[in-house]
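These notes concern the structure reproduced below.
Atoms within a ligand are numbered from 1 in the order they appear, just like the ligands themselves. Side-chain atoms are counted along with the backbone in the values below, which use heavy atoms only and exclude waters and symmetry mates.
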Amino acid sequence: MFINVPKGTQDILPEDITKWYYIEDKIREVLNKYGYREIRTPAFEYTELFVRGIGESTDIVTKEMFTFPDRKGRSLTLRPEGTAPVVRAYLENKMGRTSKVVKLFYIGSMFRCEKPQAGRFRQFNQFGIEVIGTESPVVDVEVIAAALEVYEKLGLKNLKILLNSVGCKKCRVDYVQKLKEFIEDKKIFLCSECINRYKKNPLRVLDCKKDSCQKIIKKAPRITENLCQECRLHFAEVISYLDDLKIKYCIDYRLVRGLDYYTKTAFEIVSGELGAQNAIGGGGRYDDLAEELEGKPTPGVGFAAGIERMIIVMNQQKIEWPKYKEIDVFVTTVSEENKVIAFKLLQKIRNFGLSADMDYSGGSLKSQMRIANKVGARYVIIMGQEEFAKGLVILRNMKTKEQREVQTDNLINELTSCIDSM
Ligand code: AMP
């Protein structure tokens, strides 16, 4: 039986790879401009990192992790998100020693064993931003602005920022108590998942999408009205800086996010083009995460965006993708004996810095020309028997269809001047 890709994963084929290059280039361009430096962490970590970092009772940790033992029985997990690994790397490599504020970004695959559907995969790619080492609300806004600029540079439109504060260790305890008291006599009307959430993580009841739960939650006490002085001030400053920059947002008191490490600012960027899985990115502050991972208390704020969802939106908005890079030269031969000489010539052209290819399968000249067309060759070199005996090759411009004989010794010069003048 043929073995397909695992459920929830997909191949990115050569015809689509330029979209990925384009997006990744823009991410790097914008984030370097903002002073973020790229970091790459392993695709798997010790499971404990995510259990402690993301939170024991979260959906990710209880249901969605790909966990397996190594040969010595230590539990490993394919990373379901990038923040906990980046904070681990920050602590482990003592990055805070060289500068008080460390600004990082990453691009990489994440793995969650979710039920696949449109825009939801088991292996998906995120780009993320993390600023570690400052409590300043200005940085929360910088992270939002940087994320928006990436989207904007890629041409994404009609995005909405949903904003909330989830408070801190101090004020959240009181709020959760208030919320529990509010839900207590209504819990029989909640969906079965929310009854579970009510017991383990009542805040998550707030972001249930089911109508029955939403009806109840509408009247629930709001977290932004129950913040401590420090969190209230922080939230007010974030709002005021956003207003200063004329960045539009909607306060969404139900936004709590699926990861326990968030404190104070929480936000999500949604797109109208995405249907049920409408979040294109999300983030927030995680001031207690470093401590949770046995590091010294170090505040942080970050954001992560799903690249597959960005591509879906870009396709729906009919954003023009950059053209596939054509190949400069395609070398064809009319006889088998010429193949080795053709290959040498091909290498010479490549060594000169031009992109070049040939057909190794021994097809007719017609079929070689068809391939040259398919790969978008700008020039084709035809090594005919007669011409070759006279030290000549035919150089054909694939756009104008003009062709002429060229001295083999002078071919590189001819090619570079033709290609430079294009
Ligand atoms: P999260 O880490 O859950 O805050 O997710 C951040 C972003 O990653 C989301 O807004 C989505 O764009 C994307 N994302 C999360 N889970 C998936 C998934 N299973 N498949 C595709 N994209 C995802």
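- Neither the backbone nor the side chain of Glu268 comes within 4.0 Å of ligand 1, counting heavy atoms alone.
- The side-chain heavy atoms of Glu48 and Ser75, taken from C-beta on, include no pair separated by under 4.5 Å.
- Residue Ile280 touches ligand 1 through its backbone alone, judged by heavy-atom distances below 4.0 Å.
- Of all atoms in ligand 1, numbered sequentially from 1 with element shown, those under 4.0 Å from a heavy atom of Ala279 are 9 (C), 10 (O), 11 (C), 12 (O).
- Atom 13 (C) of ligand 1 has its closest protein heavy atom at Gly306 CA, 3.5 Å.
- Within 6.0 Å of atom CD in Glu15, more than 12 heavy atoms from other residues, nucleotides or ligands are found, so the atom counts as buried in its surroundings.
- Phe267 has its ring centre less than 6.0 Å from the ring centre of Phe303.
- Here the heavy atom of the protein found nearest to atom 2 (O) of ligand 1 is Arg112 NH2, 2.8 Å.
- Contacts with ligand 1 closer than 4.0 Å are made by side-chain heavy atoms of Gln126 only, the backbone lying farther away.
- For ligand 1, the polar-atom distance check finds no N/O of Leu259 at less than 3.5 Å from any of the ligand's N/O atoms.
- The side chain of Glu114, and not its backbone, has at least one atom closer than 4.0 Å to an atom of ligand 1 (non-hydrogen atoms only; side chain from C-beta on).
- Protein heavy atom closest to atom 4 (O) of ligand 1, with residue, atom name and distance, is Arg257 NH2, 2.5 Å.
- Of the candidates Ile381, Val380, Asn397, Ile382, Gln403 forms a side-chain contact (heavy atoms from CB on, under 4.5 Å) with just one, namely Ile382.
- The residues Arg378 and Asp328 are annotated as salt-bridged, a charged nitrogen and a carboxylate oxygen being separated by less than 4.0 angstrom.
- Looking at Tyr241 and Glu142, their side chains never bring a donor and an acceptor atom within 3.5 Å of each other.
- The local environment of NZ in Lys33 is crowded, with over 12 non-hydrogen atoms from other residues, nucleotides or ligands closer than 6.0 Å.
- With respect to Lys264 and Glu230, a salt bridge is recorded, a charged nitrogen being found less than 4.0 Å from a carboxylate O.
- Summary of contacts: the protein heavy atom closest to atom 20 (N) of ligand 1 is Phe121 N, 2.9 Å.
- Within the structure, ligand 1 has Arg120 among the residues with a heavy atom less than 4.0 angstrom away.
- Close approach of ligand 1 to Gly119 (heavy-atom distance below 4.0 Å) involves ligand atoms 20 (N), 21 (C), 22 (N).
- A salt bridge is absent between Glu193 and Arg204: the closest approach of a Lys/Arg side-chain nitrogen to an acidic carboxylate oxygen does not fall below 4.0 angstrom.
- Here's the thing with Phe124: none of its N/O atoms is less than 3.5 angstrom from an N/O atom of ligand 1.
- Atoms of ligand 1 found under 4.0 Å from any heavy atom of Ala304, numbered from 1 in the order shown, are 6 (C), 7 (C).
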